[in-house]
Amino acid sequence: MAVVVFQSLSIQCCLQTQQQHKTEIHQQRRPLNLQISSSSKSGELSTTHKVFDEIPHSVDTFAWNTLIQTHLGNGAHDHVISIYRTMLLRGVHPDKHTLPRVLTASRLSGSFFCGKQIHGHTLKLGFGSDQYVVTALMEMYGRHDGAAAARRLFDQSSRKNSVSWTLMAGLYIIEDKPNLAIETFHQMLKLGAENVDAVALSTVLSACGRLKSLQEGKKVHEIARKRELEFDVLVSNSLLKMYLDCGSIKDARLVFDRMHSKDVISWTAILSGYVKNGGFNEGLKLFRLMNSEGIKPDSFSVSSVLPACARISARKHGREIHAYTLRNGVDSNIAVQNAQIDMYMKSGCSESASKIFVRMREKDTISWTIMILGYSLHGQGRLGVELFQKMMNMRVRIDDTVYVAVLCACNTARMVEEGKSYFKFIRAPKIEHYSLMVSLLGRAGHFDEARSFIDEHQIEWHKEVQRALLAGCRIHRNTKMAKRVIERLTELEPLNAENYLLLSNMYAANAKWDVVKNLRELIRDMDLRPKKAYTWIEIRNKVHVFGVGDVSHPRSERIYYELQSLMKKMKEGEGYIPDRDFGFHDVDEERECIPIGHSEMLAISFGLISTQVGTTLRITKNLRVCHNCHSSAKMISKIVGREIILKDPDRFHHFKDGICSCEDFW
DNA sequence: TTAGGGTTAG
């Protein structure tokens with residue numbers, strides 16, 4: 001931070017000095033200007049500075065301004081201040097071009113004190129009402145003291161233009177007051193409609209997005225259309241983002257498809273929009289299309305598409321994109337590296353993720369969070385807790401999401417006391433933190449404590465909390481409490497079919513068929529659509545999908561034969577007895593079906609007959625795996641001597657040598 | 001010679 005004291009310098013003295021050297025300036029200005037301009041354009045700062053050192057005292061302000069501009073453009077803000085000081089010391093008079101630049105430099109270097117001194121200079125020199133000076137001052141005070149401070153300067157200024165109006169609107173957005181930003185834009189329209197330009201439209205569109213107001217956004221879209229600015233790339237990209245922020249991917253796509261020219265930002269915005277809204281395959285498709293149209297992806301586009309690979313466990317695509325980042329030099333970007341770690345973790349390759357994490361030159365809070373969550377996902381909660389301890393020791397910034405991650409890790413590792421102590425550190429816990437604490441206590445079987453915790457924090461009427469409690473009931477087969485929880489869930493989410501199915505399955509387990517019949521009728525009458533269970537397995541670049549009792553696969557006969565033979569081995573060699581209790585299961589159809597017809601069993605069997613001995617099988621299920629399949633998968637891993645990695649919505653199960661990484665707590 | 005703006009990761 002530059003702390004420069006100018007008060008000792010006399011502006012009056014500078015004025016006199018300049019008068020004295022007026023003749024010399026005229027004689028020497030031209031050759032010096034040329035020298036500075038050519039060096040500045042080449043961006044060679046050291047050369048520029050050498051030239052600057054050679055400038056005689058009599059040189060005019062233009063050369064100094066050019067030098068200042070070069071350093072400002074290169075982000076050398078402190079240096080700009082030093083040059084300004086030298087300029088004053090040499091008696092050169094700052095002008096209306098110098099002052100906004102040094103004000104900007106002092107704002108960007110965080111030297112508000114210095115900025116205030118320069119404000120004094122602008123008044124003494126009579127540039128207080130220059131438009132560029134006013135906007136620089138507005139931005140400085142606005143960012144430091146808030147929008148109200150900028151507003152005072154703005155209201156006092158006699159000549160307002162599109163830049164000052166837009167700046168004012170932008171400051172309101174920073175303060176999360178999008179309504180005021182939109183109001184400012186409309187005031188500008190009313191008072192000086194000819195001023196509206198692409199940047200003004202872009203700013204107000206961002207405010208509409210923040211407000212999630214499709215109505216306001218469409219009004220601005222109409223204004224852009226009328227002023228023929230709709231297809232300006234900045235405006236189009238802002239419209240795209242506004243529609244995405246307002247949740248209308250359809251309108252965003254319409255803007256994208258109609259754009260005359262698309263840049264890397266347009267492509268990144270739309271593909272990121274799809275990925276964030278669950279359109280993982282469409283996101284990947286757009287990424288490929290972008291490449292084929294000759295738009296080179298940058299760190300932003302790569303970080304936007306990698307979560308799609310993570311979510312659909314598309315290791316192959318993820319690896320290809322990873323290779324692309326290495327070839328194109330974007331792999332050292334921290335956001336890209338974080339997205340890569342997340343992708344590898346979520347597609348089952350925790351080792352590849354760890355390698356990147358270890359090699360990272362710089363790690364931020366997000367990098368650590370991804371690793372802690374990743375370890376929890378793979379049943380290595382203890383490693384996650386250790387990482388959190390390390391992170392604290394290294395004084396890395398801890399935020400709410402890191403606490404979510406470490407509480408997840410404590411859950412996985414069943415480290416109740418550690419979880420309790422970390423929870424105490426959270427200043428303002430959110431419902432996610434409370435739910436994780438309830439889950440931690442419930443999974444450990446501490447139901448009385450979980451109840452007291454819920455009462456103490458008055459969080460009973462949150463579906464997340466009830467679901468967390470249900471997880472504990474499942475593990476400990478606490479049917480009595482589970483019934484109460486599910487009944488509460490049906491009150492909280494009357495349109496969620498899953499809750500009625502859980503209830504129905506619990507009554508079925510107790511042979512209360514009349515209640516089961518009533519619940520099924522209720523589901524039908526309310527026209528609720530329960531989820532169906534599916535499992536995917538990728539064999540030689542082709543994805544095979546299996547439903548419950550599926551016989552549609554061309555190798556179906558062989559798949560069932562393999563399963564029958566495995567079942568025989570499990571019964572004879574491992575003493576396996578299928579569990580008929582589906583009381584805690586989320587789908588109805590699987591209870592009706594014999595366990596070997598469950599989708600994950602079919603996928604495992606197909607994987608075994610389609611790959612070489614010893615190959616690891618990787619499968620993904622859209623719903624939670626049932627107890628029978630979990631036990632079967634453990635035994636199969638031992639019988640066939642293979643690792644089976646099964647991903648369900650909450651975690652990875654690594655079945656190996658007859659045991660699972662989740663230690664049967666899922 | 002100068003200002004205000006649009007895309008990323010947990």
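Numbers restart at 1 for each chain; the letters A, B, ... are given by sequence-line order, proteins then strands.
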Counting heavy atoms from C-beta on, name the nucleotide in B:dG4, B:dG5, B:dA9 closest to the side chain of A:Thr166.
B:dG4
Measure from CZ on A:Arg311 to C1' on B:dT8 and round the result to the nearest Å.
17 Å
Consider the side chain of A:Asn333, meaning its heavy atoms from C-beta on, and name the nucleotide among B:dT8, B:dT7, B:dT2 that approaches it most closely.
B:dT8
How long is the line joining CG of A:Leu72 and C1' of B:dT2, in whole Å?
9 Å
Base, sugar-phosphate or nothing for A:Ser238? Non-hydrogen atoms, less than 4.0 Å.
sugar-phosphate
Value in whole Å for how far the C1' atom of B:dA9 lies from CE of A:Met360:
10 Å
Distance check needed: B:dT8 P versus A:Asn328 CG, whole Å only.
20 Å
Has A:Arg107 got a side-chain N or O lying under 4.0 Å from the OP1 or OP2 atom of B:dG4?
yes
Checking contacts here: which listed nucleotide (B:dA9, B:dT2, B:dA3) is nearest the side-chain heavy atoms of A:Ile366?
B:dA9
Do A:Arg225 and A:His221 have a side chain donor and acceptor closer than 3.5 Å?
yes
For A:Tyr141, check ring pair (Phe, Tyr, Trp, His ring centres under 6.0 Å) against everything at least two apart and list the hits.
A:Phe112, A:His119
Using a heavy-atom cut-off of 4.0 Å across all strands, would you classify A:Ile370 as base, sugar-phosphate, or nothing?
sugar-phosphate
Base, sugar-phosphate, or nothing: which does A:Asn65 touch, judged by heavy atoms less than 4.0 Å apart?
base
Nearest to the side chain of A:Thr268 - B:dG10, B:dT7, B:dG5?
B:dT7
A:Thr365 near the nucleic acid: base, sugar-phosphate alone, or nothing, with a heavy-atom cut-off under 4.0 Å?
base
Just call it for A:Ser162: base, sugar-phosphate, or nothing, with non-hydrogen atoms closer than 4.0 Å on any strand.
base
How is A:Gln337 classified with respect to the nucleic acid when contacts are heavy atoms under 4.0 Å: base, sugar-phosphate, or nothing?
nothing
Using only heavy-atom distances, decide whether a donor-acceptor pair under 3.5 angstrom links the side-chain of A:Thr135 to the base of B:dA3.
yes
Does anything in residues 289-298 of chain A form a salt bridge (charged side-chain N to carboxylate O under 4.0 Å, His left out)? List the pairs, not counting sequence neighbours.
none
A:Ile265 has a side chain; which of B:dT1, B:dA9, B:dT7 sits nearest to it?
B:dT7
Can you name the residues that form a salt bridge (charged side-chain N to carboxylate O under 4.0 Å, His left out) with A:Lys390, not counting sequence neighbours?
none
Report the distance from atom CZ of A:Phe185 to atom P of B:dG4, rounded to the nearest whole Å.
19 Å
Under 3.5 Å, is there an N or O donor on one side and an acceptor on the other linking the side chain of A:Asn161 and the base of B:dA3?
yes
Quick one: do A:Asp245 and A:Lys212 make a salt bridge, cutoff under 4.0 Å?
no
Without decimals, in angstroms, what is the distance between A:Ile321 CD1 and B:dT8 P?
16 Å
Without placing hydrogens or testing angles, list every side-chain donor-acceptor pair under 3.5 Å for residues 160-167 of chain A, not counting sequence neighbours.
{"from": "A:Lys160", "atom 1": "NZ", "to": "A:Phe154", "atom 2": "O", "distance (Å)": "3.3"}
{"from": "A:Lys160", "atom 1": "NZ", "to": "A:Ser157", "atom 2": "O", "distance (Å)": "2.8"}
{"from": "A:Asn161", "atom 1": "OD1", "to": "A:Val163", "atom 2": "N", "distance (Å)": "3.1"}
{"from": "A:Asn161", "atom 1": "OD1", "to": "A:Ser164", "atom 2": "N", "distance (Å)": "3.0"}
{"from": "A:Asn161", "atom 1": "OD1", "to": "A:Ser164", "atom 2": "OG", "distance (Å)": "3.3"}
{"from": "A:Asn161", "atom 1": "ND2", "to": "A:Gln131", "atom 2": "OE1", "distance (Å)": "2.6"}
{"from": "A:Ser162", "atom 1": "OG", "to": "A:Asn195", "atom 2": "O", "distance (Å)": "3.1"}
{"from": "A:Ser162", "atom 1": "OG", "to": "A:Asp197", "atom 2": "OD1", "distance (Å)": "3.3"}
{"from": "A:Ser162", "atom 1": "OG", "to": "A:Asp197", "atom 2": "OD2", "distance (Å)": "3.4"}
{"from": "A:Ser164", "atom 1": "OG", "to": "A:Asn161", "atom 2": "N", "distance (Å)": "3.0"}
{"from": "A:Ser164", "atom 1": "OG", "to": "A:Asn161", "atom 2": "O", "distance (Å)": "3.0"}
{"from": "A:Thr166", "atom 1": "OG1", "to": "A:Ser162", "atom 2": "O", "distance (Å)": "2.5"}

Tell me, do A:Val275 and A:Phe280 make a side-chain contact under 4.5 Å, heavy atoms counted?
yes
Has A:His97 got its ring stacked on B:dT2, by the test of a centre gap below 5.5 Å and a plane angle below 30°?
no
Do A:Met188 and A:Thr184 have side chains that get closer than 4.5 Å, going by heavy atoms?
no
Do A:Thr369 and B:dG10 share a donor-acceptor pair, side chain to base, under 3.5 Å?
yes
Classify A:Val302 by what it touches in the nucleic acid, base, sugar-phosphate, or nothing, heavy-atom distance under 4.0 Å.
nothing
Nearest-neighbour nucleotide for the A:Asp197 side chain, B:dT8, B:dG4, B:dG10 considered
B:dG4
Counting only side-chain N and O atoms of A:Lys262, is one of them less than 4.0 Å from OP1 or OP2 of B:dT7?
no
Separation of atom CZ in A:Arg210 from atom P in B:dG5, rounded to whole Å:
12 Å
Is there a residue in residues 239-257 of chain A whose heavy atoms reach under 4.0 Å of DNA chain B, and which residues are they?
A:Lys241
Within this structure, what is the CE-to-P distance between A:Met188 and B:dA3, rounded to whole angstrom?
18 Å
Does anything in residues 354-367 of chain A form a salt bridge (charged side-chain N to carboxylate O under 4.0 Å, His left out)? List the pairs, not counting sequence neighbours.
none
Within less than 4.0 Å of OP1 or OP2 of B:dT7, is there a side-chain N or O belonging to A:Ser272?
no
Among the nucleotides B:dA9, B:dT1, B:dA3, whichever has the atom closest to the side chain of A:Asp95 is B:dT1
Shortest side-chain distance from A:Asp364, nucleotide among B:dT1, B:dA9, B:dG4:
B:dA9
Evaluate whether atom CZ of A:Arg151 has more than 12 neighbouring non-hydrogen atoms of other residues, nucleotides or ligands under 6.0 angstrom away.
yes
Any base atoms under 4.0 Å from A:Val402, or only sugar-phosphate, or nothing? Heavy atoms, all strands.
base
